[in-house]
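Since the structure is predicted, the reported quantities are computational estimates derived from the model, not experimental observations. Numbers restart at 1 for each chain; the letters A, B, ... are given by sequence-line order, proteins then strands.
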2 protein chains.
Amino acid sequence: MTDRQDIHSSGIPALCAACEARHRGVCGALEPAQLVALSKTSSKQRVQPGAELVGDEETVDHYSNILSGVVKLTKTLSDGRQQIVGLQFAPDFLGRPFRSESAANAEAATEVSLCSFPRATIERMLRESPQLEHRILTQTLKELDEARDWMVTLGRKTAAEKVASFLLLIARNIDPARAAGAEGISFDLPLTRADIADFLGLTIETVSRQLTRLRTDGVISIEHNRQVFVGNLSRLEARSGI
Amino acid sequence: MTDRQDIHSSGIPALCAACEARHRGVCGALEPAQLVALSKTSSKQRVQPGAELVGDEETVDHYSNILSGVVKLTKTLSDGRQQIVGLQFAPDFLGRPFRSESAANAEAATEVSLCSFPRATIERMLRESPQLEHRILTQTLKELDEARDWMVTLGRKTAAEKVASFLLLIARNIDPARAAGAEGISFDLPLTRADIADFLGLTIETVSRQLTRLRTDGVISIEHNRQVFVGNLSRLEARSGI
DNA sequence: CGCGCTGTTGATCGGGTTCAACGCAAGTGG
DNA sequence: CCACTTGCGTTGAACCCGATCAACAGCGCG
């Protein structure tokens with residue numbers, strides 16, 4: 001284990017200097033020399049909502065760090081029924097290591113900025129750097145915990161509880177600091193009603209009705225369809241069926 | 001990377017000699033010397049169905065390999081609604097690394113035999129052996145894939161499709177070789193109707209009805225409530241809503 | 001035997017889906 | 001500038017799948 005201090009010394013690629021993924025993301029596990037090597041083949045990009053990042057069952061040729069925005073992972077049944085199986089936020093690592101084929105479709109839910117690397121580079125570094133693999137493991141465990149929490153929501157909660165749980169999830173991911181506090185919080189929904197329905201295993205009509213119900217009950221207020229204000233988070237929690 | 005051959009040479013603890021976890025499980029990542037060290041503190045045990053292996057939010061003091069049987073991971077809402085969020089089979093590793101508290105309750109669904117180790121030992125070896133961590137990562141990724149597949153089932157499939165999917169899942173885990181083939185397969189359900197319901201996000205009545213429907217439609221036959229015979233797996237697949 | 005446990009079957013109910021109409025805001029092109 | 005379209009969201013009415021409530025059957029066991 002090298003001194004972590006050197007991360008802050010010179011030798012950091014300009015591209016990475018102000019990058020959040022270097023602190024909280026997987027790049028935090030890399031030493032300056034590795035960062036330099038990686039940044040040589042990396043490229044930042046910005047994509048629009050709806051852009052497909054990784055096609056289902058498509059061979060994956062690159063991995064990415066999410067620098068901003070929200071990415072949805074979806075699975076689709078042959079007859080078109082769709083389910084969102086994961087949401088990823090900055091500074092998550094995007095891609096399924098050790099498998100050339102993706103198990104799910106990754107799509108930008110909002111405008112997303114990415115820093116992507118060729119698959120071969122990451123896989124070489126994974127072999128060389130146990131710290132990197134450790135970071136990946138940590139994130140994977142986190143995703144597994146989240147997936148299992150969500151299975152409870154999908155399997156056992158009512159529509160009203162699902163929608164409340166969803167709002168809490170978003171609030172906590174968009175603004176963790178504020179969501180921990182007790183006062184009000186406002187945020188933009190990163191998903192359309194259709195996406196929320198696909199996430200919750202509901203129809204858009206039900207999502208819409210539950211949102212208006214929360215609104216008329218004074219738990220939330222909504223502007224421009226997307227901007228949500230929650231005056232009292234604990235009232236929302238009480239409806240989420242903890 | 002050391003020569004894998006030496007795994008089969010002498011120096012293997014007697015306890016591990018015939019152990020499946022040494023081949024397909026995490027112990028396969030360990031060198032003989034590490035195996036010896038680990039086996040000094042490990043203990044095999046056999047528990048009855050219903051035994052609680054890891055309590056929810058309980059501090060975890062040991063990890064285990066599943067040698068035989070089926071373990072269910074459950075989550076429970078405050079009002080008692082329950083959801084099974086994972087099933088583990090031999091030779092899976094049981095326990096949530098890097099977190100002293102478990103996120104879910106682990107319970108023996110069938111009679112289960114385990115080989116367990118003190119938490120401290122595993123965590124030390126994880127620090128020393130990247131190969132071990134790699135195995136854990138591989139299993140975690142597999143569990144994440146399974147969890148996401150199951151989210152589609154929970155969120156988007158009908159009761160009939162859920163039950164068919166469940167039978168396929170069990171068939172494939174109990175007897176992977178046979179389930180890959182085209183002919184018939186028979187197996188024992190490792191779960192009660194109540195467990196199946198908790199796994200599928202249904203009630204026991206609905207599970208029962210769907211099973212009898214599959215039976216009267218000639219897709220499966222059931223004896224002694226638990227033993228299932230599937231004459232034609234593709235007929236079952238057709239009903240699973242792939 | 002009676003008892004408890006697990007599973008099945010029936011009757012009824014209700015939450016969420018489905019189908020359909022409508023509102024509203026942002027283009028788009030004459 | 002205004003008519004038209006298109007996409008997204010809301011609301012209403014009817015229906016249906018799965019939940020709920022209830023009775024009962026099989027089976028091991030004291």
Side-chain angles (χ1 to χ4, degrees), chain A residues 48-51 72 77 79-83 107 109-110 153-167 188-217 220-228 239 241, chain B residues 48-50 72 77 79-83 107 109-111 153-167 188-217 220-228 239 241:
Chain A
Q48 292 306 303
K72 54 177 180 169
L77 297 175
D79 63 359
R81 281 174 289 175
Q82 204 171 49
Q83 176 69 46
E107 188 176 316
T110 63
T153 302
L154 286 173
R156 290 302 185 194
K157 290 192 187 172
T158 64
E161 290 169 337
K162 285 180 177 183
V163 171
S165 303
F166 169 76
L167 291 176
D188 265 32
L189 288 179
L191 303 185
T192 65
R193 299 293 189 270
D195 284 337
I196 299 174
D198 283 348
F199 191 53
L200 297 171
L202 297 171
T203 58
I204 52 175
E205 293 94 332
T206 303
V207 171
S208 178
R209 278 185 251 267
Q210 296 302 335
L211 283 173
T212 52
R213 184 134 178 267
L214 285 172
R215 193 157 39 76
T216 55
D217 289 2
I220 62 174
S221 55
I222 303 181
E223 272 171 40
H224 308 304
N225 286 335
R226 292 288 197 109
Q227 195 164 88
V228 177
R239 288 170 178 248
Chain B
Q48 292 306 303
K72 53 178 180 170
L77 296 175
D79 63 359
R81 282 174 288 175
Q82 204 172 48
Q83 176 69 45
E107 188 177 318
T110 63
E111 190 181 48
T153 302
L154 286 172
R156 289 303 187 194
K157 290 191 187 174
T158 64
E161 290 169 337
K162 285 181 177 181
V163 171
S165 302
F166 169 74
L167 292 176
D188 265 31
L189 287 179
L191 302 185
T192 65
R193 300 293 189 272
D195 284 338
I196 299 173
D198 281 349
F199 192 51
L200 296 171
L202 298 171
T203 59
I204 52 176
E205 294 93 331
T206 302
V207 171
S208 178
R209 278 185 250 269
Q210 296 302 335
L211 283 174
T212 53
R213 184 134 178 266
L214 285 173
R215 193 157 39 74
T216 56
D217 289 2
I220 63 174
S221 55
I222 303 182
E223 272 172 40
H224 309 303
N225 285 336
R226 292 290 196 109
Q227 195 164 85
V228 177
R239 287 169 179 250

Practice prompt. Rounded to the nearest angstrom, tell me the gap between atom CZ in A:R213 and atom C1' in D:dT10.
Written response: 16 Å
Discussion item. Strictly below 4.0 Å, N to O, side chains only: are A:K72 and A:D198 in salt-bridge contact?
Written reply: no
Discussion item. As a test of reading the structure: which of C:dT17, D:dG9, C:dT8 is closest to the side chain of A:R209, going by heavy atoms?
Written reply: C:dT17
Worksheet item: Given D:dG18, is OP1 or OP2 found less than 4.0 Å from the side-chain N or O atoms of B:T206?
Response: no
Practice prompt. Give the rounded distance in Å between these two atoms: CD of A:Q227 and P of D:dG9.
Written response: 15 Å
Item to complete: Let me know the distance between CG of A:D198 and P of D:dC8, rounded to the nearest Å.
Response: 13 Å
Item to complete: Let me know the distance between CG of A:L211 and C1' of D:dT10, rounded to the nearest Å.
Response: 11 Å
Worksheet item: Looking at D:dT10, C:dG7, D:dG18, which one has an atom nearest to any side-chain atom of A:T212?
Response: D:dT10
Discussion item. Using the side-chain heavy atoms of A:R215, tell me which of these nucleotides is nearest: C:dG16, D:dT11, C:dT8.
Written reply: D:dT11
Fill in: Proximity to the side chain of B:E205 - top-ranked nucleotide from D:dG18, D:dG12, D:dC21
D:dC21
Discussion item. Treating B:Q227 as the side-chain partner and B:I222 as the backbone partner, does any N or O pair qualify as donor plus acceptor under 3.5 Å?
Written reply: no
Practice prompt. Let me know the distance between CZ of B:R81 and P of C:dG15, rounded to the nearest Å.
Written response: 13 Å
Discussion item. Measuring only between side-chain heavy atoms, which start at C-beta, is A:I220 closer than 4.5 Å to A:L211?
Written reply: yes
Worksheet entry | Distance in angstrom units between B:L154 CG and D:dG18 P, rounded | 13 Å
Worksheet item: When the distance from NE2 of A:H224 to C1' of C:dC24 is rounded to whole Å, what number comes out?
Response: 13 Å
Worksheet item: For A:T192, which contact category applies under a 4.0 Å heavy-atom criterion: base, sugar-phosphate, or nothing?
Response: sugar-phosphate
Fill in: A:Q210 CD - D:dT10 P separation (whole Å)
12 Å
Discussion item. Tell me if a side-chain donor or acceptor on A:R156 pairs with a main-chain N or O of B:Q82 at a distance below 3.5 Å.
Written reply: yes
Worksheet item: Hey, is A:R81 close enough to B:E161 for a salt bridge, meaning N to O under 4.0 Å?
Response: yes
Worksheet item: Hey, does B:L202 reach any base, or is it just sugar-phosphate, or nothing, if we go heavy atoms under 4.0 Å?
Response: sugar-phosphate
Worksheet item: Is there a side-chain polar atom (N or O) of A:T203 under 4.0 Å from OP1 or OP2 of C:dT18?
Response: no
